Amino acid sequence: MTLTNRPRRLRATPALRRLATETRLYSGDLVLPLFVREGINEPRPITSMPGVMQHTLDSLRAAAAEAAAQGVGGVMLFGVPERRDALGSAADDPDGILNVATRAVASEVGDALVVQTDLCLDEFTDHGHCGVLGAQGRSAAGQPRVDNDATLERYRSMALAQAEAGSQLLGLSGMMDGQVAAVRDVLDAAGHLDTAVLAYSAKYASAFYGPFREAVDSQLTGDRRSYQMDPANRREGLREAQLDIAEGADVVMVKPAMSYLDVLSDVAAESPVPVWAYQVSGEAAMIEAAAANGWINRRAAIEESLVSIKRAGADAILTYFATEIASNPS
(Lines give C-alpha, C1' and ligand atoms only; values in the text may rest on other atoms or scores of the structure.)
Protein backbone atom coordinates (compact mmCIF):
# COMPACT_ATOMS: atom_id res chain seq x y z
CA MET A 1 0.00 0.00 0.00
CA THR A 2 1.27 3.46 -0.91
CA LEU A 3 0.33 6.29 1.43
CA THR A 4 0.54 9.69 -0.22
CA ASN A 5 -0.65 11.68 2.79
CA ARG A 6 1.42 11.12 5.90
CA PRO A 7 0.68 13.90 8.43
CA ARG A 8 3.12 12.30 10.84
CA ARG A 9 6.00 13.62 8.73
CA LEU A 10 5.54 17.03 10.35
CA ARG A 11 5.56 15.48 13.83
CA ALA A 12 8.77 13.51 13.41
CA THR A 13 11.20 15.83 15.25
CA PRO A 14 10.95 18.71 17.72
CA ALA A 15 12.22 21.10 15.06
CA LEU A 16 9.55 20.03 12.56
CA ARG A 17 6.88 20.27 15.22
CA ARG A 18 7.96 23.81 16.03
CA LEU A 19 7.77 24.83 12.38
CA ALA A 20 4.32 23.25 12.00
CA THR A 21 2.87 24.84 15.15
CA GLU A 22 -0.36 26.70 14.35
CA THR A 23 -0.91 28.41 17.69
CA ARG A 24 1.76 30.14 19.74
CA LEU A 25 1.75 31.78 23.16
CA TYR A 26 3.63 35.03 23.67
CA SER A 27 4.28 36.71 26.99
CA GLY A 28 2.64 39.86 25.66
CA ASP A 29 -0.61 37.93 25.19
CA LEU A 30 -0.91 37.34 28.94
CA VAL A 31 -2.49 39.50 31.63
CA LEU A 32 -1.81 38.86 35.32
CA PRO A 33 -4.66 39.39 37.81
CA LEU A 34 -3.40 40.88 41.10
CA PHE A 35 -5.19 41.40 44.42
CA VAL A 36 -4.36 44.20 46.85
CA ARG A 37 -5.82 44.24 50.35
CA GLU A 38 -6.19 47.26 52.57
CA GLY A 39 -4.92 47.11 56.13
CA ILE A 40 -2.35 44.29 55.93
CA ASN A 41 1.37 44.55 56.60
CA GLU A 42 2.57 41.57 54.58
CA PRO A 43 1.20 39.54 51.68
CA ARG A 44 -1.40 36.91 52.58
CA PRO A 45 -1.49 33.60 50.72
CA ILE A 46 -4.87 32.65 49.27
CA THR A 47 -5.32 29.07 50.42
CA SER A 48 -7.50 27.96 47.50
CA MET A 49 -5.15 29.54 44.93
CA PRO A 50 -1.61 28.23 45.52
CA GLY A 51 1.03 30.82 44.75
CA VAL A 52 -1.46 33.72 44.61
CA MET A 53 -1.44 36.46 47.25
CA GLN A 54 -3.47 39.28 48.64
CA HIS A 55 -0.80 41.95 48.29
CA THR A 56 0.27 44.96 50.25
CA LEU A 57 0.99 48.07 48.21
CA ASP A 58 4.71 47.32 48.35
CA SER A 59 4.41 43.68 47.29
CA LEU A 60 1.90 44.69 44.60
CA ARG A 61 4.43 47.07 43.10
CA ALA A 62 7.04 44.32 43.15
CA ALA A 63 4.72 41.79 41.49
CA ALA A 64 3.78 44.28 38.77
CA ALA A 65 7.43 45.16 38.19
CA GLU A 66 8.35 41.49 37.89
CA ALA A 67 5.53 40.92 35.40
CA ALA A 68 6.74 43.88 33.36
CA ALA A 69 10.31 42.63 33.42
CA GLN A 70 9.18 39.27 32.04
CA GLY A 71 7.25 40.87 29.19
CA VAL A 72 3.72 40.21 30.49
CA GLY A 73 1.22 42.30 28.56
CA GLY A 74 -0.75 43.72 31.47
CA VAL A 75 -1.94 43.46 35.04
CA MET A 76 -5.57 43.51 36.15
CA LEU A 77 -5.97 44.98 39.64
CA PHE A 78 -8.62 43.97 42.17
CA GLY A 79 -9.05 45.80 45.48
CA VAL A 80 -10.10 44.37 48.84
CA PRO A 81 -11.21 47.18 51.17
CA GLU A 82 -11.28 47.15 54.96
CA ARG A 83 -14.81 48.55 55.10
CA ARG A 84 -17.81 47.90 52.92
CA ASP A 85 -21.28 49.36 52.63
CA ALA A 86 -24.40 48.86 50.54
CA LEU A 87 -23.25 51.27 47.80
CA GLY A 88 -19.63 50.19 47.67
CA SER A 89 -18.47 53.69 48.57
CA ALA A 90 -14.79 52.76 48.65
CA ALA A 91 -14.92 51.89 44.96
CA ASP A 92 -14.91 55.47 43.70
CA ASP A 93 -13.13 57.06 46.66
CA PRO A 94 -9.81 58.48 45.38
CA ASP A 95 -8.28 57.20 48.62
CA GLY A 96 -9.90 53.77 48.28
CA ILE A 97 -7.52 50.85 48.07
CA LEU A 98 -8.01 50.09 44.37
CA ASN A 99 -7.45 53.67 43.26
CA VAL A 100 -4.45 54.12 45.55
CA ALA A 101 -3.02 50.84 44.22
CA THR A 102 -3.61 51.92 40.62
CA ARG A 103 -1.60 55.09 41.14
CA ALA A 104 1.17 53.09 42.79
CA VAL A 105 1.40 50.51 40.02
CA ALA A 106 1.12 53.07 37.23
CA SER A 107 4.00 54.98 38.81
CA GLU A 108 6.04 51.78 39.22
CA VAL A 109 5.74 50.30 35.72
CA GLY A 110 4.93 53.26 33.48
CA ASP A 111 4.19 52.02 29.97
CA ALA A 112 6.06 48.73 30.36
CA LEU A 113 2.71 46.97 30.53
CA VAL A 114 -0.96 47.94 30.50
CA VAL A 115 -2.30 48.83 33.96
CA GLN A 116 -5.90 47.64 34.10
CA THR A 117 -8.56 47.80 36.80
CA ASP A 118 -11.62 45.75 37.60
CA LEU A 119 -14.69 47.95 37.44
CA CYS A 120 -17.29 46.19 39.53
CA LEU A 121 -18.89 46.72 42.93
CA ASP A 122 -18.82 43.18 44.31
CA GLU A 123 -15.52 43.59 46.20
CA PHE A 124 -16.77 46.79 47.79
CA THR A 125 -20.36 46.03 48.84
CA ASP A 126 -21.43 44.53 52.15
CA HIS A 127 -23.87 42.26 50.29
CA GLY A 128 -21.35 41.05 47.71
CA HIS A 129 -23.43 41.80 44.63
CA CYS A 130 -22.06 43.55 41.57
CA GLY A 131 -24.52 46.41 41.80
CA VAL A 132 -26.85 48.51 43.90
CA LEU A 133 -29.71 46.59 45.45
CA GLY A 134 -33.12 47.89 44.44
CA ALA A 135 -35.96 48.97 46.66
CA GLN A 136 -38.33 46.41 45.16
CA GLY A 137 -37.37 43.64 47.56
CA ARG A 138 -36.42 40.13 46.57
CA SER A 139 -37.21 37.85 43.68
CA ALA A 140 -39.56 34.89 43.97
CA ALA A 141 -36.49 32.76 44.68
CA GLY A 142 -35.53 35.04 47.56
CA GLN A 143 -32.57 36.70 45.83
CA PRO A 144 -31.94 40.44 46.26
CA ARG A 145 -32.80 42.41 43.14
CA VAL A 146 -29.94 44.41 41.64
CA ASP A 147 -31.07 47.76 40.21
CA ASN A 148 -29.45 47.89 36.78
CA ASP A 149 -29.76 51.62 36.08
CA ALA A 150 -28.82 52.78 39.57
CA THR A 151 -25.75 50.56 39.28
CA LEU A 152 -24.75 52.25 36.02
CA GLU A 153 -24.46 55.55 37.89
CA ARG A 154 -22.06 53.95 40.35
CA TYR A 155 -20.05 52.49 37.45
CA ARG A 156 -19.79 55.91 35.85
CA SER A 157 -18.34 57.33 39.06
CA MET A 158 -15.94 54.39 39.39
CA ALA A 159 -14.80 54.85 35.80
CA LEU A 160 -13.79 58.45 36.44
CA ALA A 161 -11.98 57.55 39.64
CA GLN A 162 -10.05 54.72 38.00
CA ALA A 163 -9.13 56.70 34.90
CA GLU A 164 -7.93 59.60 37.02
CA ALA A 165 -5.85 57.17 39.11
CA GLY A 166 -4.02 56.06 35.97
CA SER A 167 -5.83 52.95 34.76
CA GLN A 168 -5.30 52.54 31.03
CA LEU A 169 -8.06 49.98 30.57
CA LEU A 170 -11.24 49.51 32.61
CA GLY A 171 -12.53 45.95 32.97
CA LEU A 172 -16.32 46.18 33.13
CA SER A 173 -17.19 42.88 34.79
CA GLY A 174 -20.57 43.57 36.40
CA MET A 175 -22.81 42.34 33.54
CA MET A 176 -25.23 45.25 33.75
CA ASP A 177 -27.17 46.12 30.61
CA GLY A 178 -25.80 49.31 29.02
CA GLN A 179 -22.65 49.44 31.13
CA VAL A 180 -20.30 50.02 28.20
CA ALA A 181 -22.29 52.94 26.83
CA ALA A 182 -22.62 54.50 30.28
CA VAL A 183 -18.90 54.31 31.00
CA ARG A 184 -17.77 55.34 27.52
CA ASP A 185 -20.03 58.40 27.69
CA VAL A 186 -18.71 59.65 31.01
CA LEU A 187 -15.07 58.97 30.11
CA ASP A 188 -15.35 60.91 26.86
CA ALA A 189 -17.20 63.79 28.52
CA ALA A 190 -14.40 64.08 31.08
CA GLY A 191 -11.67 64.03 28.46
CA HIS A 192 -10.47 60.47 29.05
CA LEU A 193 -10.69 59.69 25.36
CA ASP A 194 -7.74 57.30 25.41
CA THR A 195 -8.91 55.18 28.34
CA ALA A 196 -9.91 51.83 26.88
CA VAL A 197 -12.95 49.78 27.87
CA LEU A 198 -12.85 46.01 28.21
CA ALA A 199 -16.35 44.55 28.32
CA TYR A 200 -16.80 41.26 30.14
CA SER A 201 -19.45 40.50 27.56
CA ALA A 202 -20.09 36.79 28.01
CA LYS A 203 -19.60 36.32 31.75
CA TYR A 204 -21.31 33.18 32.94
CA ALA A 205 -22.73 32.36 36.39
CA SER A 206 -20.03 29.76 36.90
CA ALA A 207 -19.11 27.37 39.68
CA PHE A 208 -15.46 27.95 38.77
CA TYR A 209 -15.32 31.33 40.53
CA GLY A 210 -15.14 29.73 43.98
CA PRO A 211 -11.51 30.51 44.91
CA PHE A 212 -11.89 34.10 43.69
CA ARG A 213 -14.49 34.63 46.41
CA GLU A 214 -11.78 33.93 48.98
CA ALA A 215 -9.33 36.18 47.14
CA VAL A 216 -11.60 39.23 47.44
CA ASP A 217 -13.17 38.20 50.78
CA SER A 218 -16.57 38.20 49.10
CA GLN A 219 -19.61 38.92 51.27
CA LEU A 220 -21.98 37.28 48.79
CA THR A 221 -24.78 34.99 49.87
CA GLY A 222 -26.91 33.40 47.18
CA ASP A 223 -25.89 33.79 43.56
CA ARG A 224 -25.67 36.22 40.64
CA ARG A 225 -27.82 34.38 38.14
CA SER A 226 -30.15 37.34 37.61
CA TYR A 227 -27.36 39.19 35.80
CA GLN A 228 -24.58 36.74 34.93
CA MET A 229 -25.30 34.38 32.06
CA ASP A 230 -26.81 30.90 32.11
CA PRO A 231 -24.05 28.32 31.42
CA ALA A 232 -26.47 26.53 29.07
CA ASN A 233 -26.65 29.49 26.65
CA ARG A 234 -24.27 29.71 23.71
CA ARG A 235 -25.95 32.11 21.25
CA GLU A 236 -26.55 34.63 24.01
CA GLY A 237 -22.81 35.00 24.50
CA LEU A 238 -22.35 36.26 20.96
CA ARG A 239 -25.36 38.55 21.29
CA GLU A 240 -23.93 40.15 24.45
CA ALA A 241 -20.59 40.73 22.72
CA GLN A 242 -22.28 42.32 19.71
CA LEU A 243 -24.23 44.69 21.96
CA ASP A 244 -21.07 45.74 23.82
CA ILE A 245 -19.21 46.34 20.57
CA ALA A 246 -22.07 48.50 19.34
CA GLU A 247 -21.83 50.52 22.58
CA GLY A 248 -18.14 51.21 22.04
CA ALA A 249 -16.20 48.41 23.73
CA ASP A 250 -12.55 48.36 22.70
CA VAL A 251 -12.14 44.72 23.77
CA VAL A 252 -14.67 42.01 24.64
CA MET A 253 -14.23 39.15 27.09
CA VAL A 254 -15.46 35.59 27.54
CA LYS A 255 -15.31 34.32 31.13
CA PRO A 256 -14.59 31.60 32.22
CA ALA A 257 -12.37 30.33 29.43
CA MET A 258 -11.92 26.56 29.30
CA SER A 259 -15.56 25.57 29.83
CA TYR A 260 -16.71 28.12 27.24
CA LEU A 261 -14.33 27.59 24.33
CA ASP A 262 -17.31 27.24 21.99
CA VAL A 263 -18.57 30.68 23.00
CA LEU A 264 -15.06 32.10 22.71
CA SER A 265 -14.76 30.69 19.19
CA ASP A 266 -18.15 32.13 18.21
CA VAL A 267 -17.27 35.60 19.47
CA ALA A 268 -13.78 35.55 17.93
CA ALA A 269 -15.20 34.60 14.53
CA GLU A 270 -17.53 37.61 14.50
CA SER A 271 -15.79 40.32 16.51
CA PRO A 272 -14.09 43.28 14.80
CA VAL A 273 -12.34 44.13 18.11
CA PRO A 274 -9.88 42.05 20.14
CA VAL A 275 -11.35 39.14 22.11
CA TRP A 276 -9.91 38.14 25.47
CA ALA A 277 -10.63 35.27 27.83
CA TYR A 278 -10.17 34.79 31.56
CA GLN A 279 -8.74 31.52 32.88
CA VAL A 280 -10.53 31.89 36.21
CA SER A 281 -9.54 30.92 39.72
CA GLY A 282 -11.27 27.54 39.73
CA GLU A 283 -9.64 26.53 36.47
CA ALA A 284 -6.20 27.35 37.85
CA ALA A 285 -6.95 25.73 41.20
CA MET A 286 -7.97 22.45 39.53
CA ILE A 287 -4.63 22.28 37.73
CA GLU A 288 -2.77 23.02 40.96
CA ALA A 289 -4.72 20.43 42.95
CA ALA A 290 -4.30 17.68 40.37
CA ALA A 291 -0.59 18.43 40.04
CA ALA A 292 -0.11 18.45 43.82
CA ASN A 293 -1.59 14.95 43.90
CA GLY A 294 0.75 13.78 41.16
CA TRP A 295 -2.10 13.14 38.74
CA ILE A 296 -0.92 15.47 35.96
CA ASN A 297 2.23 17.22 34.79
CA ARG A 298 1.67 20.75 36.12
CA ARG A 299 3.68 22.72 33.57
CA ALA A 300 2.38 20.72 30.62
CA ALA A 301 -1.21 21.13 31.81
CA ILE A 302 -0.82 24.89 32.24
CA GLU A 303 0.64 25.28 28.76
CA GLU A 304 -1.96 23.04 27.15
CA SER A 305 -4.80 24.90 28.84
CA LEU A 306 -3.50 28.27 27.67
CA VAL A 307 -2.86 27.05 24.13
CA SER A 308 -6.42 25.71 23.96
CA ILE A 309 -7.79 29.13 24.92
CA LYS A 310 -5.58 30.86 22.35
CA ARG A 311 -6.49 28.27 19.69
CA ALA A 312 -10.19 28.92 20.28
CA GLY A 313 -9.68 32.57 19.38
CA ALA A 314 -8.46 34.56 22.37
CA ASP A 315 -6.14 37.42 21.48
CA ALA A 316 -5.09 37.74 25.12
CA ILE A 317 -5.63 35.66 28.25
CA LEU A 318 -6.03 36.69 31.86
CA THR A 319 -4.27 33.97 33.84
CA TYR A 320 -2.71 33.59 37.26
CA PHE A 321 0.17 31.78 35.55
CA ALA A 322 1.12 34.80 33.40
CA THR A 323 4.47 35.71 34.96
CA GLU A 324 5.50 32.09 35.41
CA ILE A 325 4.86 31.24 31.76
CA ALA A 326 6.43 34.46 30.50
CA SER A 327 9.56 33.98 32.59
CA ASN A 328 10.18 30.44 31.36
CA PRO A 329 8.71 30.00 27.88
CA SER A 330 8.75 26.53 26.38
Side-chain angles (χ1 to χ4, degrees), residues 27-82 90-91 96-120 122-124 158 161-162 165-173 196 198 200 209 211-218 251 253 255-257 276-285 288 302 306 316-327:
S27 58
D29 297 334
L30 305 177
V31 176
L32 177 67
L34 290 170
F35 304 97
V36 57
R37 181 162 189 152
E38 189 174 22
I40 60 174
N41 297 318
E42 59 184 24
R44 289 186 182 177
I46 300 166
T47 58
S48 57
M49 299 174 68
V52 182
M53 304 283 182
Q54 290 178 332
H55 285 284
T56 65
L57 285 173
D58 286 341
S59 67
L60 181 75
R61 288 190 193 95
E66 181 185 8
Q70 299 302 335
V72 171
V75 291
M76 178 66 77
L77 306 181
F78 297 86
V80 185
E82 280 192 286
I97 184 59
L98 181 55
N99 297 318
V100 170
T102 302
R103 289 194 292 273
V105 172
S107 175
E108 182 72 31
V109 302
D111 290 329
L113 49 67
V114 180
V115 178
Q116 309 168 30
T117 44
D118 180 59
L119 198 158
C120 192
D122 60 322
E123 299 105 298
F124 300 96
M158 288 178 68
Q162 292 182 3
S167 178
Q168 297 165 286
L169 182 147
L170 311 183
L172 277 60
S173 62
L198 160 65
Y200 285 52
Y209 301 147
F212 182 90
R213 305 280 165 82
E214 178 191 353
V216 298
D217 189 25
S218 175
V251 185
M253 173 88 87
K255 179 182 178 182
W276 295 5
Y278 197 145
Q279 184 183 50
V280 299
S281 58
E283 295 173 279
E288 294 284 13
I302 292 170
L306 294 174
I317 305 168
L318 276 72
T319 174
Y320 300 98
F321 303 121
T323 301
E324 175 184 349
I325 294 298
S327 65

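All figures in this text were calculated on a predicted structure; none of them were measured in a lab.
Panel note: side chain Gln168, backbone Val115; a donor-acceptor pair is recorded below 3.5 Å. Under a 3.5 Å cut-off, the side chain of Asn99 and the backbone N or O of Ala91 do form a donor-acceptor pair. A donor-acceptor pair under 3.5 Å links the side-chain atoms of Thr102 to the main chain of Leu98, judged by distance alone.
Using a 4.5 Å cut-off on side-chain heavy atoms (C-beta onward), Pro256 and Glu283 make contact. Contact annotation: the side chain of Cys120 never approaches that of Tyr200 to less than 4.5 Å [non-hydrogen atoms, C-beta and beyond]. Counting heavy atoms from C-beta outward, Thr56 and Asn41 have side chains that stay 4.5 Å or more apart.
In this structure, Val109 and Leu113 approach most closely via the heavy-atom pair CG2-CD1, 3.7 Å. Closest heavy-atom contact between Glu123 and Gly79: CB-O, 3.2 Å. Across every non-hydrogen atom of Ala257 and Ala277, the tightest pair is CB-CB, 4.0 Å. Contact detail for Gly71 and Ser27: the closest heavy-atom pair is O-OG, 3.2 Å. Nearest heavy atoms, Val36 versus Ala101: CG1-CB, 3.6 Å. Scanning both residues, Pro33 and Val31, for their nearest heavy atoms gives CD-O, 3.4 Å.
Legend: salt bridge (Lys or Arg N to Asp or Glu O under 4.0 Å) pairs involving residues 49-62, not counting sequence neighbours, sorted by first then second residue: Asp58-Arg61. Identified under the salt bridge (Lys or Arg N to Asp or Glu O under 4.0 Å) test for residues 37-48, with sequence neighbours left out: Arg37-Asp217.
For the atom pair CD (Gln54) and CD1 (Ile40), the distance works out to 6.0 Å, reported to the nearest 0.5 Å. Rounding to the nearest 0.5 Å places CG of Leu306 at 4.5 Å from OG1 of Thr319. Distance check, rounded to the nearest 0.5 Å: CG of Leu30 to CD of Gln279 gives 9.5 Å. Residue Leu172 holds its CG atom at 9.0 Å from CG of Asp118, rounded to the nearest 0.5 Å.
No donor-acceptor contact under 3.5 angstrom links the side chains of Glu66 and Thr323, judged on distance only. Defined by atom type and a distance below 3.5 Å, a donor-acceptor pair is missing between the side-chain atoms of Gln70 and Ser327.
In this structure, Phe35 and Tyr320 have parallel ring planes: the angle between them is below the 30° cut-off, well short of the 60° mark.
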Derivation of the side-chain contact (heavy atoms from CB on, under 4.5 Å) call for Leu318 and Met253 = CA-CA 10 Å; Leu318 276 72; Met253 173 88 87; 3.7 Å; yes
task = Please test Val80 against Ile97 for side-chain contact (heavy atoms from CB on, under 4.5 Å), starting from the C-alpha separation and ending with a verdict.
result = CA-CA 7 Å; Val80 185; Ile97 184 59; 5.8 Å; no
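Met76 pairs with exactly one of Leu34, Leu198, Leu32 by the side chain to side chain contact (heavy atoms under 4.5 Å, CB included) rule, that one being Leu198.
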